[in-house]
Number of protein chains: 2
Amino acid sequence: MDKNLKRMATMQRMQVTGLRLFYTNGYYNTSIDDILKELSLSKGAFYYHFESKEDFFIQIIENLLVRKVYSMLIEPIEGHEHTLDLISNCFEDALETAVHNDLDYGFVLNNFINEFNGRNQKIMKHLNDILRVWEVNLVSAIQRGKFNGHIDRHVDAEGVAVFLMSAYMGVRTLMVENAPSARKYRFMSQLRHYFKSLEARTTPV
Amino acid sequence: MDKNLKRMATMQRMQVTGLRLFYTNGYYNTSIDDILKELSLSKGAFYYHFESKEDFFIQIIENLLVRKVYSMLIEPIEGHEHTLDLISNCFEDALETAVHNDLDYGFVLNNFINEFNGRNQKIMKHLNDILRVWEVNLVSAIQRGKFNGHIDRHVDAEGVAVFLMSAYMGVRTLMVENAPSARKYRFMSQLRHYFKSLEARTTPV
DNA sequence: TGTTAAACCGACCGCTAAGTCTTTTATGAA
DNA sequence: TTCATAAAAGACTTAGCGGTCGGTTTAACA
């Protein structure tokens, strides 16, 4: 195998396993050895490829987490159909995935923000960047909806974005452990109710 | 000083400092020695009063956390005035407190749930109990509002409660680090907008 | 004032974790 | 086949943690 390919493959394997364990047990509660044990690799292999545990995690964020959030929460609302439907379906899908995941520990980004907040400024910066991208995309989606005439033109796009992000992050935590399916259903009902109040009164053009 | 009083005083000091450090740095990132150092106490004193770190934390939950959540989020909505106004003011106050707290690390209950979820079933049970109390009180407040004629009788009280809890938990995380004041304002605007859509169409009796 | 038990001290133990360093193995180019 | 080097091994260092335990101080009370 090409050396560079082998290098990439090993690093990728480490990162994928690392993300899963960090998500499941928390960053500080997961040791490098835990990750290496699953892969039958050694300390030497790890520190050959990565500078430190922190560097390792930042690479995970850049390589895996960004894409994950993007594909689950941003890309699905980029279309040009009815914006509120797009967001509604996007949330519905994301929550449904969580419901069916026995190993669900909440919204990955939310969990890491909680863990690193006030403890590691460097990592927080990377996580906040992802949040900001999400926010920007939500805002422009809503503005698109206003432009298309689906959303009332008096609606505050930034406000709605903050409200949506809050609600989503919160419900993901709330769904962990206690009646995820019922809570998802109730949450989505109220979300749609809220969305109804944002719709333009007149028929869209 | 009475021995029993002294005992209580020491335990109280440990718990108060413990909660602050656990909240600030996380449970697993705070060592017993960190807490004892601040109080100029020794390991011996700690293990004389508490069985273990876990037992210590559970007592903190029971003695401090429950009351804290109760006084901030439950007691303020127990009145008999317009329910949605009560909740709105309650959230406003809680968020305003957070804005003015330089050492804000998010909603304390949310943070601990994230940290212990899937890692410590025993502690999670205690945390979930608090959530459930909050939920029950929100539901009954909303039902009271329906009964009083302020809230539309078609409104799903359980659904609104889940939605409110989600939104609050989420916005507290979102407010950490990034423009807390602006986000609070936007959040509250949308919350009031949402509340408007829950009001009874006819004038209340 | 002397007794007694509660309250507290702090050295110590066993363990785990991040990171280092020397050695070994695998691989591709010559 | 040889050789240089990438990749990986794994023993070791250092630090910090939860928890133990024998000893010391303190204060209420007879």
Side-chain angles (χ1 to χ4, degrees), chain A residues 1-61 63 112 115-116 119-123, chain B residues 1-61 63 112 115-116 119-123:
Chain A
M1 196 196 291
D2 185 299
K3 283 246 165 141
N4 205 36
L5 271 186
K6 176 164 189 178
R7 179 183 173 81
M8 291 302 208
T10 305
M11 289 175 81
Q12 181 77 3
R13 282 205 312 147
M14 286 178 178
Q15 289 178 38
V16 168
T17 303
L19 177 56
R20 199 187 70 242
L21 292 184
F22 286 148
Y23 170 63
T24 306
N25 307 315
Y27 174 82
Y28 293 109
N29 257 329
T30 304
S31 68
I32 306 290
D33 282 324
D34 289 341
I35 299 162
L36 294 169
K37 202 174 176 184
E38 283 214 8
L39 299 168
S40 299
L41 284 171
S42 68
K43 274 268 170 71
F46 182 84
Y47 282 96
Y48 178 76
H49 290 294
F50 301 99
E51 273 183 23
S52 64
K53 190 183 179 186
E54 189 189 65
D55 165 66
F56 176 57
F57 188 70
I58 289 175
Q59 291 207 39
I60 288 180
I61 297 177
N63 293 330
F112 286 139
E115 187 165 8
F116 289 109
R119 282 147 219 153
N120 189 317
Q121 210 51 43
K122 199 169 166 188
I123 290 181
Chain B
M1 194 195 294
D2 184 300
K3 284 251 166 140
N4 204 36
L5 271 186
K6 177 163 191 180
R7 178 186 172 80
M8 290 303 205
T10 305
M11 288 175 82
Q12 181 78 2
R13 284 206 310 146
M14 286 179 179
Q15 288 178 40
V16 169
T17 303
L19 177 56
R20 200 186 70 242
L21 292 184
F22 286 148
Y23 170 61
T24 305
N25 307 314
Y27 174 83
Y28 292 110
N29 256 332
T30 304
S31 67
I32 307 289
D33 282 324
D34 289 340
I35 299 163
L36 295 169
K37 201 176 178 183
E38 283 213 9
L39 299 168
S40 299
L41 285 171
S42 67
K43 275 266 170 72
F46 182 87
Y47 282 95
Y48 175 76
H49 291 294
F50 302 99
E51 274 183 22
S52 64
K53 191 183 179 185
E54 188 188 65
D55 165 64
F56 176 57
F57 188 71
I58 289 175
Q59 292 208 40
I60 288 180
I61 297 177
N63 293 330
F112 286 138
E115 187 165 8
F116 289 109
R119 282 147 219 154
N120 189 317
Q121 210 51 42
K122 199 170 169 188
I123 290 182

(message) Among residues at least two apart in sequence or on other chains, which ones pass salt bridge (charged side-chain N to carboxylate O under 4.0 Å, His left out) with K53(A)?
(response) none
(message) Tell me which residues in residues 12-30 of chain B lie within less than 4.0 Å of DNA chain C, going by non-hydrogen atoms.
(response) none
(message) Check the phosphate of dA7(D) against R7(A), side-chain N and O only, distance under 4.0 Å to OP1 or OP2. Yes or no?
(response) yes
(message) Taking T17(A)'s backbone N and O only, do any of them form a donor-acceptor pair with E38(A)'s side chain (distance below 3.5 Å, no angle check)?
(response) no
(message) Under a 3.5 Å distance rule, please check whether E115(A) uses its side chain to pair with a backbone N or O of Y27(A) as donor and acceptor.
(response) yes
(request) Might you point out which heavy atoms bring K122(A) and I58(A) nearest each other, and give the distance in Å? (result) CE-CD1, 3.9 Å
(message) Walk me through whether L41(A) and R13(A) qualify under side chain to side chain contact (heavy atoms under 4.5 Å, CB included).
(response) CA-CA 11 Å; L41(A) 284 171; R13(A) 282 205 312 147; 3.8 Å; yes
(request) Give the ring-plane orientation class for F46(B) versus F56(B), where under 30° counts as parallel, over 60° as perpendicular and anything between as tilted. (result) perpendicular
(request) For the pair F116(A) and F57(A), name the ring-plane relationship: parallel under 30°, tilted 30 to 60°, perpendicular over 60°. (result) tilted
(request) Would you mind telling me which of dA7(C), dG18(D), dA18(C) lies closest to the side-chain atoms of S31(A)? (result) dA18(C)
(message) Among residues 32-56 of chain A, which ones have heavy-atom contacts with DNA chain C below 4.0 Å?
(response) I32(A), K43(A), Y47(A), S52(A), K53(A)
(message) Tell me whether the side-chain N/O atoms of T10(A) come closer than 4.0 Å to OP1 or OP2 in dA7(D).
(response) no
(message) Can you tell me which residue among N29(B), D33(B), D34(B) is in a side chain to side chain donor-acceptor pair (under 3.5 Å) with S31(B)?
(response) D34(B)
(request) Measure the distance from NZ on K6(B) to C1' on dA27(D) and round it to the nearest whole Å. (result) 8 Å
